[in-house]
Amino acid sequence: MKLITQIIIFALLASCSLLQTNISSIRSADNLFLCFPDTDLEYSSLELNEKLSVQKQIFQEKQRRKLQCDNYENYADAEKSLDQINEEEMRTKLGKCPRREFCTYR
């Protein structure tokens, strides 16, 4: 049940963050973006040198706000859980077993 809750929270946060861009004004950006800038589509599409410039602004804003990204620990856990689910799904589709043993997939 905890896993399902985390996945729902992750999906909700990701969908909300995908609807808006925070790069245009780092100062008014939400805390989630400052901790996880990769959730922004515009940020993800930037070139490396542009990302570095934005990262510098993000770092300065995080210091100004005294923002601790540890508050978003559940978000990171949900992201890891989703990655594990996707990995297991891929193994299932490929018919691979994690160990050398008889595996049955539903």
Side-chain angles (χ1 to χ4, degrees):
M1 190 66 180
K2 182 179 178 185
L3 177 64
I4 294 171
T5 305
Q6 288 178 344
I7 292 171
I8 291 171
I9 291 171
F10 173 74
L12 179 63
L13 292 174
S15 66
C16 291
S17 64
L18 293 175
L19 297 176
Q20 61 185 16
T21 182
N22 293 288
I23 292 178
S24 57
S25 178
I26 299 294
R27 236 162 139 75
S28 64
D30 60 350
N31 292 345
L32 180 65
F33 169 74
L34 296 177
C35 290
F36 300 98
D38 290 326
T39 60
D40 188 284
L41 287 177
E42 188 177 346
Y43 175 84
S44 297
S45 65
L46 293 176
E47 296 293 325
L48 181 60
N49 58 348
E50 295 169 322
K51 281 185 180 181
L52 291 174
S53 174
V54 172
Q55 279 290 345
K56 181 179 179 183
Q57 294 173 26
I58 288 172
F59 176 75
Q60 292 170 343
E61 184 62 21
K62 284 169 66 175
Q63 282 188 321
R64 186 184 74 77
R65 294 184 193 184
K66 297 179 179 155
L67 179 63
Q68 297 293 321
C69 290
D70 297 340
N71 298 337
Y72 293 99
E73 189 175 296
N74 288 339
Y75 177 81
D77 287 345
E79 189 173 17
K80 288 176 190 174
S81 296
L82 188 58
D83 288 344
Q84 290 172 346
I85 290 169
N86 287 337
E87 186 178 323
E88 180 62 31
E89 185 67 24
M90 183 60 74
R91 276 195 302 248
T92 301
K93 287 180 180 178
L94 294 174
K96 293 186 177 183
C97 296
R99 292 181 219 93
R100 293 180 181 222
E101 59 187 41
F102 180 72
C103 295
T104 56
Y105 290 108
R106 298 173 210 130

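Treat the numbers as computed from the prediction; the structure is a model and nothing was measured.
- Taking all atoms of both residues into account, the shortest heavy-atom contact from Asp30 to Arg65 is C-NH1, 4.0 Å.
- Applying the side chain to side chain contact (heavy atoms under 4.5 Å, CB included) test between Arg27 and each of Gln57, Arg64, Gln60 identifies Arg64 as the sole match.
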N/O donor-acceptor pairs under 3.5 Å from side chains in residues 45-56, not counting sequence neighbours:
from  : atom 1 : to    : atom 2 : distance (Å)
Ser45 : OG     : Leu41 : O      : 3.4
Ser45 : OG     : Glu42 : O      : 2.9
Glu50 : OE1    : Glu47 : N      : 2.9
Gln55 : NE2    : Tyr43 : OH     : 2.8

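- What you find for Ile58 and Pro37 is that their closest heavy atoms are CD1-CB, 3.8 Å.
- Nearest heavy atoms, Cys35 versus Leu67: SG-CD2, 3.8 Å.
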